[in-house]
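Chain letters run A, B, ... following the sequence lines, proteins first, then strands; residues in each count from 1. Quick caveat, the model's predicted, so the values are computed rather than measured.
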There are 2 protein chains.
Amino acid sequence: MYAMITFDRNWQFPFMTKTRSSAQTENAIPRHNYHHGDLRRALLDAAVQFIETHGVEAVSVRAVAKMAGVSPGAPFRHFATRTALLTAVAEEALNRLAGAITLSLQAAAEQNPLLQFRAIGVGFLRWAFANPTHFQVISARAVIDFEGSPLRQRNDAIRTRMNALMNEAAATGLLRPGDVGRHQIAARALVYGLARMYVDGQFPSWGLDESKALQESIAILDQFIASISA
Amino acid sequence: MYAMITFDRNWQFPFMTKTRSSAQTENAIPRHNYHHGDLRRALLDAAVQFIETHGVEAVSVRAVAKMAGVSPGAPFRHFATRTALLTAVAEEALNRLAGAITLSLQAAAEQNPLLQFRAIGVGFLRWAFANPTHFQVISARAVIDFEGSPLRQRNDAIRTRMNALMNEAAATGLLRPGDVGRHQIAARALVYGLARMYVDGQFPSWGLDESKALQESIAILDQFIASISA
DNA sequence: ACCTGAACACCGTTCAAGT
DNA sequence: ACCTGAACACCGTTCAAGT
């Protein structure tokens, strides 16, 4: 069975030069490109699907291309390297994570700073446990280009927010004595460690029921928050 | 320049069958095998060296073979698969980790259970920060065979020890109220999370000086221990 | 413009042949 | 017994050629 093949209606031989605007005027039919209309989108989806079954490291551009029904070289028109493809997946993932955290924060908007801080952790855990594939991708800094992408700023924004809440909590006397920065890093390491232990399949070996992983992880976070409370 | 090549003095054509003991009696000269005497050892060392510069995922059996000065197929006489090679590296790593923890525990033998529990964490951090390559390998469960190796039991032994110390701490009134198991997992996730954040290069993005990473991590652990103390 | 398909330099792994 | 080296089925990436 063949995929429906259409030719790019906007395509023109190089010598048939015209401006973009005039092309749009002359031909308003939305470009349904060769094969997909949106190979970029199809490749990102195929990559996620592949990662779900074979893991991040096993991703091959050729396999993803085959899943999308195109030739081995086609993806390189949209992503310069394998890393660029995986980085694009990571960017989508982090966008969704930021969304989940924002939602979680909004639900806790009326609560005290420490509980808002907790809400970020809960949002992170909820997201990571529900989207282990995406979490793995944003954590796999060996195969993505973290520094050379908006990933870095997104990450910094979340960190800054946590920082502000923690300082506010300290200022309003919600924390027991201790270095505020260290409490913050501890919370971050705790939540990150829990998520990693889960996706790395370490929960069973630590005597934790995987079906109650999220529930238990939130309970652990809550006990930690209680421990650092005044 | 050629590596020194010697022929296996114990080698014999298949039809020249004799028992192993008689072979040893007839020829006491220690087998200095073809090329290395110990290709297995050479491959493990080459693998670690390779991982230090290129990361675990990038390990190729061919590259490791070339580093050891042998043909592409040679390693497969000692390790059935690429995974088996990396798993062997992980086993060495975990043995050393267990050694470091034992040492750390011995130094704290006179202290209370909670401080002994802390000592395990400090031993782990010290080891992980000093041997990031080995830590990465034992954490990379995607590329090693964790379940089908002594790794699992080694890991369980450490966990059991932590469990016992934590229960003892609870029994002797050293812990503040809360679920003991959750305190234990929290400590584990905290320490694992810190080590991973370090090797994943996340310390700078969290505003932590990498040169003081170990020192700061221990301080964070100590503050956590203080938080859960009665 | 976007994709194909051949080509190049790599992989992991197997296996007959050499010593 | 242990290693070589060719072979097979894969990779990522490039690029001239097609539509």
Can you measure [X] atom [atom1] to [N] atom [atom2] for me and round it to whole angstrom units?
| X | N | atom1 | atom2 | value |
| --- | --- | --- | --- | --- |
| A/L43 | D/dT13 | CG | C1' | 15 Å |
| A/K66 | D/dA9 | NZ | P | 13 Å |
| B/L86 | C/dT13 | CG | C1' | 15 Å |
| B/E57 | D/dC11 | CD | P | 18 Å |
| A/L39 | C/dT4 | CG | P | 8 Å |
| B/R62 | D/dC8 | CZ | P | 14 Å |

For the residue pair [X] and [Y], what are the closest heavy atoms and their distance?
| X | Y | result |
| --- | --- | --- |
| B/Q184 | B/M166 | N-CE, 3.9 Å |
| B/F135 | B/V199 | CD2-CG1, 3.6 Å |
| A/A84 | A/F79 | O-CD2, 4.0 Å |
| B/V48 | B/T133 | O-CG2, 4.1 Å |

Next item on the list: May I ask which nucleotide in the shown strands pairs with D/dC2, Watson-Crick or G-U wobble, both distances under 3.5 Å?
Entry: C/dG18
Notebook entry, point to check: With both distances under 3.5 Å as the test, what is the Watson-Crick or G-U wobble partner of C/dG12?
Noted result: D/dC8
Nearest to the [X] side chain among [options], which nucleotide is it?
| X | options | value |
| --- | --- | --- |
| A/A74 | D/dT13, C/dC3, D/dC3 | C/dC3 |
| B/S60 | D/dT13, D/dT4, C/dC11 | C/dC11 |
| B/H78 | C/dC11, D/dC3, C/dT4 | D/dC3 |
| A/R82 | D/dG12, C/dG12, C/dC3 | D/dG12 |
| B/F76 | C/dT14, D/dT13, D/dT4 | C/dT14 |

Item checked: Distance in Å, A/R196 CZ paired with B/S139 OG, rounded so as to fall on 0.5 Å steps ->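 The OG atom of B/S139 is 8.0 Å from CZ of A/R196, to the nearest 0.5 Å.
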Check: Want to settle it: does A/R77 or A/A63 sit nearer the 5' end of DNA chain D, counting the closest nucleotide to each?
Finding: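 Mapping each residue to its closest nucleotide by heavy atoms, the 5'-most match is A/A63.
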Next item on the list: Tell me which of A/S71 and B/V59 sits closer to the 5' end of DNA chain C, going by the nucleotide each one is nearest to.
Entry: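 On the 5' side of the pair lies A/S71.
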Next item on the list: Tell me which of B/T83 and A/G73 sits closer to the 5' end of DNA chain C, going by the nucleotide each one is nearest to.
Entry: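 With B/T83 and A/G73 compared, the 5'-side residue is A/G73.
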